[in-house]
Amino acid sequence: MPKPELPKSYNPAEYESGIYAMWEKNNAFSPAGDKSKEPFSVIMPPPNANGSLHAGHAMYVVDDIATRYNRMLGRPTLWLPGVDHAGIETQVVFERELAKQDKTRFDLGKDEFYKQALQFTTDNKHTVLEQMRSLGFSADWQKLKFTLDQDIIEIVYDTFKKLNDDGLIYRGNRIVNWCPHCHSGFADIEIKYRTQIDPLYYIKYGPFVLATVRPETKFGDTAIAVHPKDERYQDYIGQEIESEGLLGKFKLKVIADDFVDPEFGTGVVKVTPAHDPNDWEMGLRHNLEVKQVIGTDGRLTAIAGKYSGMSVDEARTQVAQDLEQAGLIDHINMNYEHSIGYHDRCGTQIEPLVIEQWWLKVDKLKKLAIDAIDKNEVVFYPARFKSQALNWLEGLRDWNISRQNWFGIAIPVYYNATGDKSKPEYIIGEEKDAIEVYGKAGYEKETDTFDTWFSSSQWPFATLQSTGDFDQYYPTSLMATMRDILYLWVTRMIMLGIYKTGEVPFKTVYLWGSVNDAEGKKMSKSKGNVLDPLELTQEFGTDALRLALVIGITPGTGGSLSQEKVQGYRNFCNKLWNVARYTLSKTESISDISEILLENPADHWMSSKLNTAITKITQSIERYNYSSAGQSAYSLLWDDLADQYIEYSKTSTNPTMLAYSLDTVLRLLHPFAPFVTEAIWQQLPWRDTILISEQWPNVYLEPDGTQAKKFEKEIISILAEKQSNIDETKIVKLKKEIATKQNFESIILKKLNNDNFVANAPKEVVDQQKDLLKSTQKEIAELKDELAKTAQH
RNA sequence: GGGCAAUUAGCUCAGCUGGCUAGAGCGUUUCCUUGACGUGGAAGAGGUCACAGGUUCGAGUCCUGUAUUGCCCACCA
């Protein structure tokens with residue numbers, strides 16, 4: 001009889017927190033293991049400290065599986081966790097908090113805002129940390145790092161200084177993606193484009209008509225461009241044209257540039273270098289003046305005369321209206337479709353602006369990364385991401401690493417304000433260094449902060465250096481993260497990692513796709529199909545969610561998650577639970593399973609199933625195919641152990657073998673379903689350890705193959721016996737089976753009668769087919785015998 | 001516009017270097033209230049593997065093309 005403390009069904013909520021506490025109490029997450037073995041390390045991609053875990057983060061189970069597996073292999077294993085201050089994201093969130101008190105960040109000022117936002121983040125981070133614990137993540141929480149930890153910042157500063165010393169840093173006026181809301185510039189990759197319909201105005205410019213969607217920028221025009229080969233406008237190239245405008249007459253030079261598409265609009269373009277990336281490039285080529293019409297606040301500047309102070313939207317409407325009245329509009333296309341950049345984080349429309357920024361020269365860095373990836377010092381799973389990473393790196397241009405948002409790591413630069421030109425223009429260092437160089441009042445502190453990706457690209461070595469684990473654990477073994485940030489983060493970590501340490505930051509990259517809904521559609525709030533992983537764990541248990549996230553999901557492509565799926569794995573956990581209940585009822589007196597006698601064909605069969613599963617699951621995990629590993633374990637427990645071996649053991653039991661089978665299955669499943677397996681492990685009379693620290697199973701039983709095969713046949717006869725009271729269906733069934741076998745026989749015969757096949761196919765294949773034919777024919781004969789016997793009754 | 005991926009049972013997906021009588025889970029049909037589990041058991045139905053060509057003794061698997069879907073990158077005055 002099962003012990004009273006094991007109820008009929010597994011209730012995860014009753015066990016999970018207790019088990020997690022037990023692991024922590026036993027220090028099970030701290031690196032241990034055999035020092036002579038190769039260490040295994042993973043750095044957690046730090047989730048937003050202010051956020052809440054979503055299905056994407058739940059995919060960190062991949063890290064956890066890898067960690068638990070390697071820990072069980074006895075390797076010194078470190079999973080180093082962290083949380084991210086998520087610069088601009090947090091700034092947006094915290095500003096919303098301030099708005100509730102009718103305040104803006106300007107009320108607080110930069111320093112106070114930083115302080116409060118930091119406090120806000122520190123106060124919030126426990127939520128996400130608890131959530132990760134509840135998912136069973138076995139990270140070494142004692143080593144938790146935060147992206148704004150002082151020691152991390154020091155390392156980032158050190159890298160910046162080294163880059164500067166190596167001549168890879170410069171300051172430059174460039175056109176950037178300016179977010180008027182965040183009040184900061186952003187990298188191209190942080191901008192998302194949406195197509196939308198806007199009016200396309202055809203405006204009269206002297207002798208020309210040209211098309212624009214942005215009439216409000218016309219005050220910043222410093223040229224007019226046509227295609228060099230456009231016959232219509234040859235005479236104008238190089239000339240100045242004069243035109244009537246809203247602010248009086250103006251003159252513009254006509255330039256010829258390949259950028260202009262003669263097919264578009266009228267083939268004439270106004271050039272506004274200050275507010276359009278392409279115009280900026282043209283401006284550089286033709287040495288054009290840059291006139292800023294839009295300020296960093298998203299409003300028109302003094303250049304715009306009576307329109308100054310208006311927001312871009314207001315100005316556009318007003319200018320269009322005034323142009324219309326002045327008869328300067330030829331016509332308007334109201335259905336013009338184009339795409340517009342929005343800031344990914346806050347959803348504000350991007351305003352290209354020219355701003356002085358800090359730039360990182362990437363040519364040398366990207367070469368380092370490209371070489372390493374080429375030589376497979378970093379291996380990608382799935383492999384196709386290798387070429388994607390290479391392509392991206394090859395096309396990479398200098399990186400704008402400065403941001404104007406307030407919640408970030410301050411760029412450690414002090415400018416010369418002494419007026420003394422013999423002193424350097426700026427220094428990198430601390431305030432005391434500035435005082436030393438420029439004197440007490442002779443410096444000005446840089447107000448920009450670093451792009452968060454600049455600091456997080458140093459995360460692997462920065463974290464390990466700050467915990468003192470660098471020597472043992474760098475380069476790390478695995479970087480598992482979502483494929484969306486392949487360019488944003490992964491490639492940049494490779495660049496900066498090699499640059500700073502001489503070695504790649506990780507040897508393997510494993511990328512997963514987005515977690516989709518039951519229909520394979522992307523989860524989104526607007527569709528209302530978002531599944532909260534934590535709700536799912538509450539309803540079905542953490543292990544169920546973990547299995548659902550891993551099984552049936554292919555690396556690199558998105559997988560789908562649904563309540564039904566998680567429920568299915570809840571059922572699986574319950575199955576395991578009941579296999580344990582049954583096993584425990586038969587093994588109460590067992591205190592040792594080190595010696596196992598294979599007594600009957602069933603034992604041989606089961607042990608051979610276990611052996612194959614151990615090999616297969618190990619292999620699959622080594623190849624990062626967690627889906628296949630999980631599926632094998634699933635089938636081992638359900639199809640082999642529960643449905644066959646246990647069913648058989650009801651007629652004849654070998655308790656030690658039964659115990660060993662459960663013991664092995666628990667180990668194999670532990671990385672995937674840590675809680676149930678540990679809960680059961682704690683009940684085993686022959687164990688007094690904790691499963692998380694146990695060894696990964698090895699093949700060591702030596703079953704006899706013919707005995708095992710014999711069992712396969714016995715199952716059939718046992719089942720047949722059980723159903724012998726329904727003879728009629730049995731006859732029908734036998735007949736059907738004979739028919740399918742005969743069908744199969746004819747398929748093989750056809751092949752073997754094909755001379756081409758016999759002549760050209762490899763010998764093994766032909767022999768295999770011959771064997772198959774023989775065994776099929778034998779089976780048919782046996783079935784016919786049985787049919788005859790059954791029919792007699 | 002460039003690239004990548006996908007297209008296999010009603011749904012979500014496996015199927016590695018060609019040998020498959022094409023699998024799993026969910027759903028579905030019929031039966032089973034026996035002491036591990038009804039979050040269960042037994043049996044079953046369900047697929048010309050998107051389409052068209054090609055290579056091969058042999059193609060779900062390789063090649064070419066077409067169609068559809070998804071993602072990424074670039075450009076859009």
Side-chain angles (χ1 to χ4, degrees), chain A residues 1-2 6 8-10 188-189 193 195 200 210-214 217 225 259-261 264-272 276-279 336-340 382 384-385 387-388 391-392 395 483-484 486-487 513-514 516-522 540 544 548 551-554 556-562 564-565 567-586 623 625 627-628 631 634-635 642-643 646-647 650 719 722-723 726 729 733 736 740-741 743-748 751 754-762 764-766 768-769 772 776:
Chain A
M1 280 301 289
L6 283 196
K8 265 178 115 168
S9 56
Y10 171 61
D188 291 345
I189 199 164
Y193 288 87
T195 50
L200 180 65
L210 56 80
T212 178
V213 283
R214 305 205 60 182
T217 62
F259 164 74
V260 182
D261 175 8
F264 186 91
T266 55
V268 186
V269 192
K270 68 191 201 63
V271 186
T272 324
D276 181 284
N278 289 306
D279 292 5
Y336 176 62
E337 196 183 292
H338 64 153
S339 65
I340 287 291
R384 72 187 131 93
F385 288 112
S387 57
Q388 286 194 26
N391 278 344
W392 187 81
R483 64 160 185 216
D484 318 29
L486 170 64
Y487 305 136
S514 55
N516 299 325
D517 73 359
E519 277 147 32
K521 297 249 164 61
K522 230 183 187 173
F540 301 111
I551 297 178
I553 286 188
T554 324
T557 55
S560 59
L561 184 66
S562 64
E564 290 73 20
K565 193 175 175 191
Q567 190 176 349
Y569 291 107
R570 187 267 319 255
N571 297 353
F572 171 75
C573 292
N574 193 55
K575 188 75 183 179
L576 175 60
W577 184 254
N578 278 288
V579 164
R581 287 179 75 217
Y582 176 82
T583 305
L584 291 170
S585 74
K586 304 278 180 193
R623 291 175 190 164
N625 192 341
S627 175
S628 154
Q631 246 166 57
Y634 182 102
S635 156
D643 287 354
I646 284 187
E647 281 313 311
K650 286 174 184 172
L719 291 176
K722 271 192 180 170
Q723 300 197 345
I726 12 175
T729 53
K733 220 191 287 171
K736 253 193 200 169
T740 52
K741 288 281 177 195
N743 192 26
F744 183 41
E745 184 194 9
S746 69
I747 289 169
I748 305 171
K751 267 194 195 173
N754 182 344
D755 294 341
N756 280 328
F757 174 70
V758 180
N760 295 315
E764 312 96 74
V765 177
V766 178
Q768 194 193 326
Q769 293 293 320
L772 212 54
T776 310

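So you know, we letter chains A, B, ... as the sequences are listed, proteins then strands, and number each from 1.
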Could you check A:Lys565 against A:Ser560 for side chain to side chain donor-acceptor pair (under 3.5 Å), going step by step and ending with a plain yes or no? CA-CA 9 Å; A:Lys565 193 175 175 191; A:Ser560 59; 5.4 Å; no

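Of the candidate nucleotides B:G19, B:A77, B:U39, B:U39 has the atom lying nearest to any side-chain atom of A:Asn571. For A:Arg483, taking side-chain heavy atoms from C-beta onward, the closest of the listed nucleotides B:C71, B:A36, B:C57 is B:C71. Comparing B:U12, B:U39, B:A77 by their closest approach to the side chain of A:Arg570 singles out B:U39. For A:Asn754, counting side-chain heavy atoms from C-beta on, the closest listed nucleotide (B:C57, B:U21, B:U39) is B:C57. Taking every side-chain heavy atom of A:Lys650 into account, B:A36 is the closest of B:A36, B:U21, B:A77. For A:Ser560, whose side chain is taken as the heavy atoms from C-beta onward, the closest listed nucleotide among B:G19, B:A77, B:C13 is B:C13. Closest to the A:Lys8 side chain, of the nucleotides B:C20, B:A77, B:C37, is B:C37.
In this structure, CG of A:Leu6 is placed 19 Å from P of B:U39, rounded to the nearest angstrom. Whole-Å rounding puts the A:Asn625 CG to B:A24 C1' distance at 14 Å. Here the C1' atom of nucleotide B:G58 and the NZ atom of A:Lys751 are 7 Å apart, to the nearest Å. Atoms OH (A:Tyr634) and C1' (B:U39) sit 11 Å apart, rounded to a whole Å. Between A:Phe540 atom CZ and B:G25 atom C1' the separation is 15 Å, expressed in whole Å. One atom, CD of A:Gln567, and another, C1' of B:C11, lie 15 Å apart when rounded to the nearest Å. Distance, A:Gln769 CD to B:G18 P: 16 Å, rounded to whole Å. Look at CD on A:Glu647: it is 11 Å from P on B:C37, rounded to the nearest Å.
Counting heavy atoms from C-beta on, the side chains of A:Gln388 and A:Arg483 never come closer than 4.5 Å. Between A:Val765 and A:Phe757, some side-chain heavy-atom pair lies under the 4.5 Å cut-off. Side-chain contact between A:Phe572 and A:Tyr634 is present, with heavy atoms from C-beta onward closer than 4.5 Å. You'll find the side chain of A:Asn743 stays beyond 4.5 Å of the side chain of A:Glu745, heavy atoms only. You'll find the side chain of A:Leu772 reaches within 4.5 Å of the side chain of A:Phe744, heavy atoms only.
Shortest non-hydrogen contact noted between A:Arg581 and A:Lys8 is NH1-CA, 3.4 Å. A:Lys575 approaches A:Ala642 most closely through the heavy-atom pair CE-CB, 3.7 Å. Summarising the geometry of A:Ala544 relative to A:Cys573, their closest heavy-atom pair is N-SG, 4.2 Å, with the distance given to 0.1 Å.
Here, B:C16 and B:A22 have their C1' atoms 16 Å apart, quoted to the whole Å. Across the P atoms, B:A67 and B:A52 are found 15 Å apart, a figure rounded to whole Å. For the P atom pair drawn from B:G53 and B:A59, the interatomic distance equals 14 Å after rounding to whole Å. On the C1' atoms, B:G23 is 12 Å away from B:C49, given to the nearest whole Å. Across the C1' atoms, B:U28 and B:U64 are found 40 Å apart, a figure rounded to whole Å. Using P as the reference atom, B:A9 and B:C13 are 12 Å apart when rounded to the nearest Å. The separation of B:G46 from B:G40, taken at their P atoms, amounts to 25 Å, rounded to a whole angstrom. Taking atom C1' on both B:A43 and B:U7, the two are 33 Å apart, rounded to the nearest angstrom.
Here A:Asn578 does not reach the OP1 or OP2 of B:G40: none of its side-chain N or O atoms lies under 4.0 Å away. The phosphate of B:C57 has OP1 or OP2 within less than 4.0 Å of a side-chain N or O from A:Asn760.
Under 3.5 Å, the side chain of A:Lys586 and the base of B:A36 form no donor-acceptor pair of N or O atoms. Counting distance only, with no hydrogens placed and no angle test, the side-chain atoms of A:Gln388 and the base atoms of B:A5 include no donor-acceptor pair under 3.5 Å.
If you check every strand for non-hydrogen atoms under 4.0 Å, A:Lys575 touches a base. Heavy atoms of A:Tyr487 sit under 4.0 angstrom from primed sugar atoms or phosphate atoms, though from no base atom. Across all strands shown, A:Val213 has heavy atoms under 4.0 Å from sugar-phosphate atoms exclusively, and none from any base. Using a 4.0 Å heavy-atom distance criterion, A:Leu200 is classed as a sugar-phosphate-only contact. Residue A:Ser9 is classed as a base contact, given a heavy-atom separation below 4.0 Å to a base. Residue contacts shown for A:Arg384 are limited to sugar-phosphate atoms, with no base heavy atom under 4.0 Å away. At the heavy-atom level, A:Gly568 lies nowhere under 4.0 Å from the strands shown. Nucleic acid contact class of A:Ala759 (heavy atoms, under 4.0 Å, all strands): none. Among the protein residues, A:Ala642 comes within range of the nucleic acid bases, having at least one heavy atom under 4.0 Å from a base atom. Backbone-only engagement by A:Asp643 is indicated by non-hydrogen atom pairs under 4.0 Å involving sugar-phosphate atoms exclusively. No contact: A:Lys270 has no heavy atom under 4.0 Å from any strand.
Ring geometry for A:Tyr10 against A:Trp577 counts as tilted: the plane angle lies between 30° and 60°, on a 0 to 90° scale. By the 30° and 60° cut-offs, the orientation of the rings of A:Tyr336 relative to A:His338 is tilted.
With RNA chain B read from its 5' end, the first of the two nearest nucleotides for A:Arg623 and A:Ile646 is the one closest to A:Arg623. Of the two residues contacting RNA chain B, namely A:Thr776 and A:Thr583, the nearest-nucleotide position lying further toward the 5' end is that of A:Thr776.
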Where does RNA chain B pair, written as one dot-bracket string 5' to 3', with Watson-Crick or G-U pairs under 3.5 Å, ( ) inside the strand, [ ] for crossing pairs and | for another strand? (((((((..((((.....[...)))).(((((.......))))).....(((((..]....))))))))))))....

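Where stacking is scored as ring centres under 5.5 Å apart with planes under 30°, A:Phe264 registers as stacked on the base of B:A77.
For the pair A:Ser635 (side chain) and A:Gln631 (backbone), a donor-acceptor distance under 3.5 Å is absent. Although no hydrogens or angles enter the test, the distance criterion places a donor-acceptor pair under 3.5 Å between the side chain of A:Asn760 and the main chain of A:Asn756. At least one donor-acceptor pair under 3.5 Å links the side chain of A:Asp276 to the backbone N or O of A:Asp279.
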Provide a list of protein-nucleic acid N or O atom pairs under 3.5 angstrom, restricted to nucleotides 45-50 of chain B.
none

